[in-house]
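Heads up, the thing below is written out as structure tokens.
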Amino acid sequence: MSCTCNEIITRVARKNLPSSLPAKMVASTNLIISCNFSCLPLKVNPKPKSLLKTHYTSLLFSNTCTRKGLNISNLVKPQYIYNNKKGVLQTCCSNLNSDNKSPDDQVLDKDATGGGKEGGRDWTTSILLFVFWGGLIYYVFNLTPDQTPSRDMYFLEKLLYLKGDDGFRMNSVLVSLWYIMGLWPLVYSMLLLPTGRSSKTNIPVWPFLILSCIGGSYALLPYFILWRPPPPPVEENELGRWPLNFLESKLTSGILLAAGLTIIVNAALNGGEWKEFYQYFRESKFIHITCLDFTLLSAFGPFWVYNDMTARKWYDKGSWLLLISLVPFLGPALYLVLRPSLSEMPVSQSPTSSEEQ
């Protein structure tokens with residue numbers, strides 16, 4: 001029982017050789033096969049602490065005749081040898097089949113090397129966004145001007161139509177800003193559903209979209225922090241159901257663009273009231289926060305336009321819209337009108353292709 005691995009394989013090889021082979025060739029089988037590992041242990045540890053790393057047996061062939069007569073692939077099959085050393089799974093297999101590894105072997109090699117590209121996540125962007133969001137919240141609650149709290153409440157009641165006509169005329173720029181802020185959640189809903197969803201986390205996007213109707217970008221930023229592409233595949237039956245049938249409708253995007261254009265033109269034509277609005281911005285906490293919210297939504301808009309464009313495989317034709325999307329509200333709204341419908345695209349979206357783009 002103290003034989004070496006070479007002697008074991010040589011005996012098996014001799015037993016499987018045809019009887020018609022010359023004795024001289026049989027004697028030469030000692031030089032046909034060699035192993036680069038020592039004798040297998042007689043006792044196997046039933047509860048190994050860990051697995052040994054992969055090693056391969058070197059098979060050396062002396063001539064073609066012997067290669068045909070001896071089926072080496074049946075003699076030396078993969079064996080897994082457990083050892084007490086930490087972190088090792090020792091695998092003995094033939095070098096002949098090293099180029100044609102099975103899927104299980106490829107998974108084993110991938111795990112042994114610490115995983116592939118998906119093994120870890122770069123949290124740098126999420127950390128930076130979290131720090132930015134935390135500083136933004138601190139600024140909103142502690143550093144924004146708050147000189148006219150009673151007037152802010154009065155403006156809010158007037159904008160919500162909780163007060164009747166008392167003879168006071170609201171600033172036209174402020175009214176336009178209020179209406180345009182009511183349209184931003186619809187724009188982001190059309191950009192984030194379904195191409196802005198995250199397939200690698202269990203966090204849905206719709207709660208953040210609902211909260212954005214009240215909190216705007218302050219409510220969307222936590223989702224941006226947790227978002228992890230690519231989006232999950234879109235099933236065919238989803239396209240005909242709410243809310244995708246509404247958000248993908250060209251009628252919806254057309255009305256959205258027309259409404260936004262009307263509101264912005266109305267604010268631009270009332271140039272005489274911009275000076276008063278600027279004074280409100282410096283004194284009012286409510287108006288200051290709303291203006292900051294509008295700026296953030298406009299700043300993040302081009303990124304989500306790009307994300308939606310690449311998910312729909314439309315970047316080559318629609319890349320010129322990225323520059324137009326820098327125009328606050330109107331740019332993203334125009335993209336929503338011109339983008340291809342999901343019904344015209346392949347229903348299943350490939351996560352690999354989304355990551356490559």
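Just so it is clear, the values below take in all heavy atoms, side chains as well, and ignore hydrogens, waters and symmetry mates. Treat the numbers as computed from the prediction; the structure is a model and nothing was measured.
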(message) Between Asn266 and Tyr179, do the side chains contain a donor N or O and an acceptor N or O under 3.5 Å apart?
(response) no

(request) Would you give the length of the straight line joining atom CH2 of Trp320 to atom OG of Ser325, rounded to the nearest 0.5 angstrom? (result) 11.0 Å

(message) Within the supplied structure, the quantity of interest is the number of heavy atoms (other residues, nucleotides, ligands) at a distance under 6.0 Å from Phe141 CZ; does it exceed 12?
(response) no

(message) Are Leu160 and Met170 linked, directly or through intermediate hydrophobic residues, by side-chain heavy-atom contacts shorter than 4.5 Å (ILVMFWY only)?
(response) yes

(message) For a quick test of reading the model, state the closest non-hydrogen atom pair linking Asn245 to Gly240 and the distance between them.
(response) ND2-O, 3.5 Å

(message) Quick one: does any side-chain atom of Trp314 pair with a main-chain N or O of Ala311 as donor and acceptor, under 3.5 Å?
(response) no

(message) Would the distance check show the side chain of Asn307 and the main-chain N or O of Thr195 forming a donor-acceptor pair, the cut-off being under 3.5 Å?
(response) yes

(request) Ignoring hydrogens and angles, tell me if any N or O in the side chain of Ser253 forms a donor-acceptor pair with the backbone of Lys250 under 3.5 Å. (result) yes

(request) Begin from the C-alpha positions of Leu221 and Phe132 and carry the test side chain to side chain contact (heavy atoms under 4.5 Å, CB included) through to its verdict. (result) CA-CA 9 Å; Leu221 270 170; Phe132 173 76; 4.1 Å; yes

(request) Measure from the side-chain N and O atoms of Ser176 to the backbone N and O of Ile264, and report whether any donor-acceptor pair falls under 3.5 Å. (result) no

(message) As a quick check of understanding, evaluate ring pair (Phe, Tyr, Trp, His ring centres under 6.0 Å) for Phe286 and Tyr280, giving each step before the final call.
(response) CA-CA 9 Å; Phe286 164 62; Tyr280 289 158; over 10 Å; no

(request) Side-chain contact test, heavy atoms from C-beta onward, threshold under 4.5 Å: evaluate it for Ser198 versus Leu226 and give yes or no. (result) no

(request) Examine Val265 and Leu256 and state if one hydrophobic cluster contains both, with Ile, Leu, Val, Met, Phe, Trp and Tyr joined whenever side-chain heavy atoms are less than 4.5 Å apart. (result) yes

(message) Surrounding CZ of Phe294 (heavy atoms of other residues, nucleotides or ligands, distance under 6.0 Å), is the total greater than 12?
(response) yes

(message) Looking at every non-hydrogen atom in both residues, tell me the closest pair between Ile180 and Gly260 and how far apart they are.
(response) CD1-CA, 3.8 Å

(request) Check whether any side-chain N or O of Arg312 sits under 3.5 Å from a backbone N or O of Pro340 as a donor-acceptor pair, and report yes or no. (result) yes

(message) Please determine whether a side-chain nitrogen of the Lys or Arg among Arg169 and Glu276 lies less than 4.0 Å from a carboxylate oxygen of the Asp or Glu.
(response) no

(message) Under 4.5 Å between side-chain heavy atoms, counting indirect links through other Ile/Leu/Val/Met/Phe/Trp/Tyr residues: same cluster for Phe155 and Phe281 or not?
(response) no

(message) Please find the pair of heavy atoms, one from Pro302 and one from Leu322, that lie closest to each other, and give the distance.
(response) O-CD2, 4.2 Å

(request) Report yes or no: does Asn171 contribute a side-chain atom to a donor-acceptor pair with the main-chain N or O of Leu174 at less than 3.5 Å? (result) yes

(request) May I ask you to check whether over 12 heavy atoms, not counting those of Phe168, lie within 6.0 Å of atom CZ? (result) yes

(message) Return the SG to OH distance between Cys291 and Tyr278, rounded to the nearest 0.5 Å.
(response) 11.5 Å

(message) Taking side chain to side chain contact (heavy atoms under 4.5 Å, CB included) as the criterion, tell me which of Trp184, Tyr188, Trp133 meets it with Leu220.
(response) Tyr188

(request) Indicate yes or no for a side-chain donor-acceptor contact from Trp227 to the backbone of Gly196 under 3.5 Å, with no hydrogens or angles considered. (result) yes

(message) Rounded at 0.5 Å granularity, tell me how far OG in Ser298 sits from CG in Asp293.
(response) 9.0 Å

(request) Measure across Pro232 and Arg197 and return the closest heavy-atom pair with its distance rounded to 0.1 Å. (result) CD-CB, 3.8 Å

(request) Carefully, step by step, assess Leu209 and Leu193 under the rule side chain to side chain contact (heavy atoms under 4.5 Å, CB included). (result) CA-CA 10 Å; Leu209 292 172; Leu193 290 174; 3.8 Å; yes

(message) Distance check, rounded to the nearest 0.5 Å: Ile263 atom CD1 versus Leu177 atom CG?
(response) 10.0 Å

(request) Using the side chain to side chain contact (heavy atoms under 4.5 Å, CB included) rule, take Trp178 and Lys158 through it: C-alpha gap first, then chi angles, then the decisive distance, then the call. (result) CA-CA 11 Å; Trp178 176 259; Lys158 289 284 289 185; over 6 Å; no

(request) Could you state whether Phe224 and Phe303 fall into the same hydrophobic cluster, counting links through intermediate Ile, Leu, Val, Met, Phe, Trp or Tyr residues with side-chain heavy atoms under 4.5 angstrom apart? (result) yes

(request) Would you check, one step at a time, whether the test side chain to side chain contact (heavy atoms under 4.5 Å, CB included) holds for Leu296 with Leu136? (result) CA-CA 11 Å; Leu296 291 173; Leu136 183 66; 3.4 Å; yes

(message) Between Leu297 and Val187, is there a side-chain heavy-atom distance shorter than 4.5 Å?
(response) no

(request) Looking only at non-hydrogen atoms, find the nearest pair between Leu247 and Arg339 and report the distance. (result) O-NH2, 3.5 Å

(message) Quick check for you: to the nearest 0.5 Å, what is the distance between Tyr154 atom OH and Thr148 atom OG1?
(response) 13.5 Å

(request) Answer with yes or no whether the hydrophobic clustering places Leu156 together with Ile214; edges join I, L, V, M, F, W, Y residues whose side-chain heavy atoms lie under 4.5 Å apart. (result) no

(request) Indicate the atoms forming the closest heavy-atom contact of Lys285 with Val140, along with that distance. (result) NZ-O, 2.9 Å

(request) Give a yes or no answer on whether the side chain of Thr252 reaches the backbone of Glu248 with a donor-acceptor pair at less than 3.5 Å. (result) no

(request) May I ask you to decide if Met309's main-chain N or O and Tyr335's side chain share a donor-acceptor pair within less than 3.5 Å? (result) yes

(request) State the CG-CG distance between Asn237 and Leu244, to the nearest 0.5 angstrom. (result) 10.0 Å

